[in-house]
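Whatever order the structure lists ligands and atoms in, that order sets their numbers, starting from 1.
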Amino acid sequence: MATKRALITGITGQDGSYLAEHLLSLGYEVHGIVRRVALEDPSNRLNRLSGILDQLHLHSASLESFPSLYGVLSEVRPDELYHLAAQSFVSYSFEDSFSTFHTNIDGTHYLLEAVRKLVPECRFYFAGSSEMFGHAPEVPQSEQTRFYPRSPYGISKVTGFDLSRNYRESYDMYVASGILFNHESPRRGFEFVTRKITSHVARIKRGELTKLPLGNLEAKRDWGFAGDYVKAMHLMLQQEKPDDFVIATGETHTVREFCELAFAEAGLNYEDYVVVDPRFYRPAEVHVLMGDASKAKQQFGWEPTVLFPELVKMMVQHDLELFQAK
Ligand code: NAP
Ligand code: F7E
């Protein structure tokens with residue numbers, strides 16, 4: 001069988017790096033879209049890809065530019081396209097909703113249109129999010145749950161999801177959306193709450209910091225491991241027909257519980273260090289997310305292998321070593 005060619009947008013991010021490794025392990029030829037500046041500063045901006053850089057084909061393009069995306073697609077002509085690039089930080093989307101919409105909505109639209117024009121048989125994955133559920137009318141949330149986004153980020157993902165479905169239905173294209181709940185790892189960005197906590201634990205342990213300022217400690221999230229979730233992205237593009245799937249662990253925990261376990265993992269009591277700082281509250285909060293991934297389990301056998309305590313432990317242990325080495 002001919003080698004399959006995959007193109008990943010957002011390959012430098014947490015998920016992009018795990019997905020690239022997974023696809024390489026399956027024998028794919030892996031291409032990635034990066035911003036031009038990343039190629040100028042590879043040691044910093046491509047650091048998540050450092051172990052596999054020599055096996056990748058990287059192309060510079062911008063989600064803000066249709067011609068640049070069109071150019072890469074006409075050169076690569078992928079069999080599968082994983083569209084992961086996005087302004088993914090919910091807090092920032094309140095500060096600059098306009099650029100979030102431009103990147104997340106127009107960027108998705110440009111890609112879908114370029115695929116339709118150039119490679120309509122290419123299978124397309126859209127990175128949807130549990131933030132689309134927002135103020136959800138039910139717990140747990142499934143593919144049937146109504147969307148009620150509570151941030152510009154959530155709105156941008158609902159629009160990307162609707163665009164993706166509309167291309168599937170209007171042009172008979174293979175477009176699948178994952179509705180992924182929070183997934184974390186030692187490669188998570190430092191501003192997201194899990195990595196903020198685990199990196200602070202490590203720096204407090206070293207005596208570099210004395211406090212961890214956080215916002216809403218009662219928010220509940222369904223946290224899984226990114227390495228498990230990228231496998232589901234790949235499986236979604238291997239089905240006979242394109243469809244949308246929730247990917248989640250089915251458990252929910254508060255930010256406070258995450259703190260409790262993370263500090264305990266380093267032999268500390270979180271109550272001695274965590275302070276509530278109103279600057280980290282959001283104008284509108286999503287209070288409870290918990291996913292029902294039974295459709296994915298039934299259709300392609302996907303299940304999480306890493307649950308909450310193991311995830312916290314993995315991230316804390318990684319950061320204790322990382323900051324020890326600094
Ligand atoms: P991430 O670590 O923040 O990575 C985002 C990627 O998008 C980076 O490679 C970034 O490139 C790229 N990007 C951002 N703006 C861009 C632009 N204007 N042009 C080109 N590239 C741009 O995110 P992630 O956690 O891997 O998430 C991957 C996708 O899944 C995102 O679409 C996110 O919204 C979605 N998602 C994530 C989760 C989660 O819990 N992680 C859950 C549901 C959905 P630079 O390196 O150059 O900044
Ligand atoms: O916040 C609360 C905050 O920024 C989680 C993205 O990957 O997952 C992610 O979005 C919760 C929220 O992730 C702080 O209010 C408290 O309730 O880690 P987060 P997120 O907003 O859930 C979804 C599924 C995505 O799609 C997104 O791309 O933690 N929280 N105190 C805090 N959050 C942050 N960041 N910082 C705090 O100090």
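The two residues Gln14 and Arg187 have their closest heavy-atom pair at CB-O, 3.9 Å. Scanning all heavy atoms of the two residues, the minimum distance from Ser199 to Phe323 falls at CB-CE1, 3.8 Å. In terms of heavy-atom proximity, Tyr82 sits nearest to Leu23 at CE1-CD1, 3.7 Å.
Between Arg203 and Asp319, no side-chain nitrogen of the basic residue sits less than 4.0 Å from a carboxylate oxygen of the acidic one, so the salt-bridge criterion is not met.
For atom 12 (C) of ligand 2, the closest non-hydrogen atom of the protein is Arg221 NH2, 3.4 Å. Here the heavy atom of the protein found nearest to atom 14 (C) of ligand 2 is Val193 CG2, 3.6 Å. If you check which protein heavy atom lies closest to atom 21 (O) of ligand 2, you get Arg282 NH1, 2.6 Å. With hydrogens left out, the protein atom closest to atom 20 (P) of ligand 2 is Asn182 ND2, 3.7 Å, a heavy atom. Nearest protein neighbour of atom 13 (N) of ligand 1, counting heavy atoms only, is Arg35 NH2, 3.6 Å. In terms of protein heavy-atom proximity, atom 31 (N) of ligand 2 is nearest to Gly215 N, 2.8 Å.
Every N/O-N/O distance between Ala61 and ligand 1 stays at or above 3.5 Å. Considering backbone and side-chain N/O of Trp223, none are found under 3.5 Å from N/O of ligand 2. Taking any N or O of Ser130, backbone or side chain, none lies under 3.5 Å from an N or O belonging to ligand 2. Close N/O approach between Lys157 and ligand 1 is found [any backbone or side-chain N/O within under 3.5 Å]. Geometrically, ligand 1 and Asn182 share no nitrogen or oxygen pair separated by less than 3.5 Å. Residue Ala86 has at least one nitrogen or oxygen atom sitting less than 3.5 Å from a nitrogen or oxygen atom of ligand 1, judged on distance alone. The distance criterion of under 3.5 Å between nitrogen or oxygen atoms is met by Glu64 with respect to ligand 1. By the 3.5 Å distance cut-off applied to N or O atoms, Gly128 is not counted among the residues near ligand 1. Polar contact with ligand 2: absent for Thr194 (N/O pair, distance under 3.5 Å). For ligand 1, the polar-atom distance check against Gln87 finds no nitrogen or oxygen pair separated by under 3.5 Å. Checking only distances, Ser88 does come within under 3.5 Å of ligand 1, N or O to N or O. Checked by distance only, ligand 1 and Arg48 stay at 3.5 Å or farther apart across all their nitrogen or oxygen atoms.
Residue contacts with ligand 2: Tyr281 is excluded, as none of its non-hydrogen atoms falls under 4.0 Å. Residue contacts with ligand 1 do not include His83, since none of its heavy atoms lies under 4.0 Å from the ligand. Not a single heavy atom of Gln14 sits closer than 4.0 Å to an atom of ligand 2. Heavy atoms of Tyr153 approach ligand 1 to within less than 4.0 angstrom.
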Check: residues 55-62 side-chain donor-acceptor pairs under 3.5 Å, at least two apart:
{"from": "His59", "atom 1": "NE2", "to": "His31", "atom 2": "ND1", "distance (Å)": "2.8"}
{"from": "Ser62", "atom 1": "OG", "to": "Glu64", "atom 2": "N", "distance (Å)": "3.0"}
{"from": "Ser62", "atom 1": "OG", "to": "Glu64", "atom 2": "OE1", "distance (Å)": "2.9"}

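Using bins of under 30°, 30° to 60° and over 60° for the plane-to-plane angle, the ring pair Phe300/Phe245 lands in the perpendicular bin. Taking the six-membered ring for Trp and thresholds of 30 and 60 degrees, Phe308 and His253 have nearly parallel ring planes, at less than 30 degrees apart.
At a threshold of 4.5 Å between non-hydrogen side-chain atoms, the residues Leu289 and Phe133 count as touching.
Counting the atoms of ligand 1 from 1 in the order shown, those under 4.0 Å from a heavy atom of Arg45 are 47 (O). If you number the atoms of ligand 2 from 1 as listed, the ones under 4.0 Å from a heavy atom of Lys196 come out as 37 (C), 38 (O). Close approach of ligand 2 to Phe89 (heavy-atom distance below 4.0 Å) involves ligand atoms 4 (O), 35 (N). Interface atoms of ligand 2 facing Glu191, defined by a heavy-atom separation under 4.0 Å, are 34 (C), 35 (N), 36 (N). The atoms of ligand 2 that sit less than 4.0 Å from any heavy atom of Glu285 are 3 (C), 12 (C), 15 (O), 17 (O). Near Val90, meaning under 4.0 Å from any of its heavy atoms, are these atoms of ligand 2: 10 (O), 21 (O). Heavy-atom contacts of Ser88 reach the following atoms of ligand 2: 6 (C), 27 (C), 28 (O) (cutoff under 4.0 Å). Close approach to Ala219 involves these atoms of ligand 2, each under 4.0 Å from a residue heavy atom: 17 (O). Remark: ligand 2 atoms within the under-4.0 Å shell around heavy atoms of Ser129 are 23 (C), 24 (C), 25 (C), 26 (O).
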- Task: Please test Glu131 against Arg221 for salt bridge (Lys or Arg N to Asp or Glu O under 4.0 Å), starting from the C-alpha separation and ending with a verdict.
- Result: CA-CA 10 Å; Glu131 280 294 302; Arg221 289 290 182 276; 3.7 Å; yes
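Within the 4.0 Å heavy-atom criterion, the part of Val255 lying near ligand 2 is the side chain and not the backbone. At a heavy-atom cutoff of 4.0 Å, ligand 2 is contacted by both the backbone and the side chain of Leu214. If you look at Lys157 next to ligand 2, there are no close heavy atoms at all, none under 4.0 Å. When non-hydrogen atoms are compared, ligand 2 lies under 4.0 Å from the side chain of Arg188 (C-beta onward) but not from its backbone.
Side-chain atoms of Thr108 and His83 form a donor-acceptor pair, as typed in the model, at a separation below 3.5 Å. For Glu113 and His109, the side-chain atoms include no donor-acceptor pair closer than 3.5 Å.
Partner of Phe225 under the side chain to side chain contact (heavy atoms under 4.5 Å, CB included) criterion, chosen from Met314, His183, Glu184: Met314. None of Phe258, Phe89, Trp223, Tyr92 except one satisfies the ring-ring contact (aromatic ring centres under 6.0 Å, His included) rule with Phe192; the exception is Phe89.
The closest non-hydrogen atom to atom 32 (O) of ligand 1, taken over Thr12, Leu84, Leu63, comes from Leu84. The closest heavy-atom contact to atom 25 (C) of ligand 2, among the options Tyr153, Phe192, Phe181, comes from Tyr153.
For Arg116 and Tyr171, the positive end sits near the middle of the six-membered ring, less than 6.0 Å away and at most 45° from its axis.
Listed by first and then second residue, the salt bridge (Lys or Arg N to Asp or Glu O under 4.0 Å) pairs that reach into residues 143-164 are Asp162-Arg165, sequence neighbours excluded.
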